[in-house]
Protein chains: 2
Amino acid sequence: MTEADQIGESALTSLRRILRVVDTHSRELARTASLTASRLVVLKILANGPTTAGTIAERAGISQTTVTLLLNKLEAMALVRRQRSEDDRRRVWVELTPQGRAAIDKAPDLLQDVFLQRFRKLPSWEQHGIAASLSRITYLLDADALDAAPLLDVGPIDRAAT
Amino acid sequence: MTEADQIGESALTSLRRILRVVDTHSRELARTASLTASRLVVLKILANGPTTAGTIAERAGISQTTVTLLLNKLEAMALVRRQRSEDDRRRVWVELTPQGRAAIDKAPDLLQDVFLQRFRKLPSWEQHGIAASLSRITYLLDADALDAAPLLDVGPIDRAAT
DNA sequence: TAATAATGCTTTGTAAAGCAAAGTAAATAT
DNA sequence: ATATTTACTTTGCTTTACAAAGCATTATTA
């Protein structure tokens, strides 16, 4: 094993740990705030103003089916309101209710807040370093490359080599 | 919004994107390799040698109940074999079958592989930078540290500096 | 030794996320 | 007028995950 591999492994270990913390956190969120992570995602998308189910699906990166189900729950919780569009009666506008807005405030993404709070206290050079590394990693894991390629095929990797 | 907050936001965006890719990938893995991420995790733990269900739960950070369920599936797929312990008949040893071992080889964590392959090609300074940033982030998100931690403890960084 | 407690795992019941496929209704194109 | 497309919902299924209860088995203690 080369040195690069060792560093890579330790990077991966960190990455796994990060994933794990995020995961744990979202379960915690579900337990305490009775708002699961994906429902919160939907609410936050709606915080930018009313929109349609399809748009939510697209922005959240999940299927329309799932969005419908999430909306059903959120509507049952009275956090969200549906309304058929007047001009195009196929479409359904979704908007936050006042309670929905309150729910977002009451159940903020704490993990994110903690992150930002601490991040803010780091020296500037380190902030830049972290941001740069993260954006580099998104490249290392590039979604497009993965989507395009058959997963069990090794081909596409070279394309992004260099 | 301060500059630090802007950088922090962009870091968070990257982080979200990373999480998203990992998520997508694991669903993809499930579809193509008929081995879901969590099952693969269990198999990989078993790759270090036979162990008990409780230990697997601990190492994977999931409940024993869940481990039992996963083992049921894996056993049904003949990737894993259970055997009551002789000395303590409450315990159940779990080990990989040859098929199980083959499954691990056939369905490697490709995301990880892609990451490592690309990572290896980065200049050394960048490798170190990324590894350091990641380890720093685990601190920024650390669940434990949430209660106690001295926020400006610089300790871990120096180690990976240079 | 017999009753009690602790341990290790499984079962059962519950809830969420998520998708594909089929279905419905409305708008658009032919 | 008919066919196609679009937008959303319903249905049925799978997986993950946990808590609570249950079942053996071992250890402890009276």
Side-chain angles (χ1 to χ4, degrees), chain A residues 19-20 22-43 50-77 79-95 107, chain B residues 19-20 22-43 50-77 79-95 107:
Chain A
L19 295 173
R20 175 82 180 288
V22 170
D23 202 55
T24 303
H25 171 265
S26 93
R27 211 162 295 131
E28 192 71 14
L29 180 73
R31 251 203 17 242
T32 58
S34 64
L35 246 194
T36 64
S38 52
R39 288 179 198 178
L40 191 52
V41 167
V42 171
L43 288 185
T51 185
T52 64
T55 309
I56 294 173
E58 194 184 331
R59 292 206 197 144
I62 55 184
S63 73
Q64 220 173 42
T65 305
T66 305
V67 170
T68 293
L69 291 178
L70 290 172
L71 287 179
N72 289 347
K73 305 275 181 165
L74 289 171
E75 197 176 29
M77 296 167 80
L79 302 181
V80 136
R81 189 166 31 224
R82 272 163 163 142
Q83 195 171 4
R84 280 228 108 82
S85 165
E86 286 304 317
D87 19 326
D88 182 343
R89 300 192 39 75
R90 290 171 305 179
R91 318 187 83 202
V92 172
W93 288 97
V94 188
E95 63 177 351
Chain B
L19 295 174
R20 174 84 179 288
V22 169
D23 202 54
T24 303
H25 171 263
S26 94
R27 208 162 297 131
E28 193 70 14
L29 180 72
R31 251 204 18 242
T32 56
S34 65
L35 247 194
T36 63
S38 52
R39 290 181 196 175
L40 191 52
V41 167
V42 171
L43 287 185
T51 185
T52 64
T55 309
I56 295 172
E58 195 183 331
R59 292 206 196 143
I62 54 182
S63 73
Q64 218 173 45
T65 305
T66 305
V67 169
T68 294
L69 291 177
L70 292 172
L71 288 178
N72 289 347
K73 303 277 180 166
L74 289 171
E75 197 176 29
M77 296 167 81
L79 302 181
V80 136
R81 189 164 33 222
R82 272 160 161 143
Q83 195 171 5
R84 280 227 109 80
S85 165
E86 286 303 320
D87 18 327
D88 182 342
R89 299 192 38 74
R90 288 170 305 182
R91 319 186 83 202
V92 173
W93 288 96
V94 188
E95 63 177 351

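Below, read A as the first sequence line, B as the second, and so on, with proteins coming before strands; counting in each chain starts at 1. Just so it is clear, the structure is predicted and the values come from calculations on it, not from any experiment.
Atom pair B:K73:NZ and D:dA17:P shows a separation of 13 Å (rounding to whole Å applied). Rounding to whole angstrom units, CZ of residue A:R90 and C1' of D:dT5 are separated by 8 Å. Rounded to an integer number of Å, the gap from B:D88 CG to D:dA24 P is 16 Å. Summarising the geometry, the separation between CD on B:Q83 and P on C:dT10 is reported as 14 Å, rounded to the nearest angstrom. The CG-P distance, from A:L40 to C:dA17, rounds to 11 Å in whole Å. When the P atom of C:dG8 is taken as reference, atom CG of B:L71 falls 16 Å away, rounded to whole Å. Rounded to whole Å, the distance from CH2 on B:W93 to C1' on C:dC9 is 14 Å. Between the CZ atom of A:R82 and the P atom of D:dA7 there is a distance of 16 Å, given to the nearest Å.
Contact of the B:V42 side chain with the B:V67 side chain is not registered, since no non-hydrogen atoms from C-beta on lie closer than 4.5 Å. Residues B:V41 and B:I62 are not in side-chain contact: their nearest non-hydrogen atoms beyond the backbone lie 4.5 Å or more apart.
Taken residue by residue, residues 56-68 of chain A places heavy atoms nearer than 4.0 Å to DNA chain D at A:Q64, A:T65, A:T68.
Using a 4.0 Å heavy-atom distance criterion, B:R84 is classed as making no nucleic acid contact. Using a 4.0 Å heavy-atom cutoff across all strands shown, B:L69 reaches at least one base atom of the nucleic acid.
For B:E95, the CD atom is densely surrounded, since the number of other residues' heavy atoms within 6.0 Å is greater than 12. Within 6.0 Å of the CZ atom in A:R89, the count of heavy atoms belonging to other residues, nucleotides or ligands does not exceed 12.
Nearest nucleotide to the side chain of A:N72, out of C:dT10, D:dT10, C:dC9: D:dT10. Closest contact between the side chain of B:A53 and the listed nucleotides C:dG18, D:dT10, C:dC9 involves C:dC9. Closest to the side chain of A:T52, from the set D:dC8, C:dT11, C:dG18, is D:dC8.
Scanning atom types as modelled, no donor and acceptor separated by under 3.5 angstrom connect the side chain of B:R89 and the base of D:dT25.
Remark on DNA chain D: of its neighbouring residues B:T36 and B:D87, the 5'-side contact belongs to B:T36, judged by nearest-heavy-atom nucleotide.
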| message | Using side chain to side chain contact (heavy atoms under 4.5 Å, CB included), reason through B:V92 and B:L71 one step at a time and then give a plain yes or no. | response | CA-CA 11 Å; B:V92 173; B:L71 288 178; over 6 Å; no

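Here the OG atom belonging to A:S38 is positioned 5.0 Å from the CG atom belonging to A:L70, to the nearest 0.5 angstrom. Distance check, rounded to the nearest 0.5 Å: CD of A:Q64 to CG of A:L69 gives 11.5 Å.
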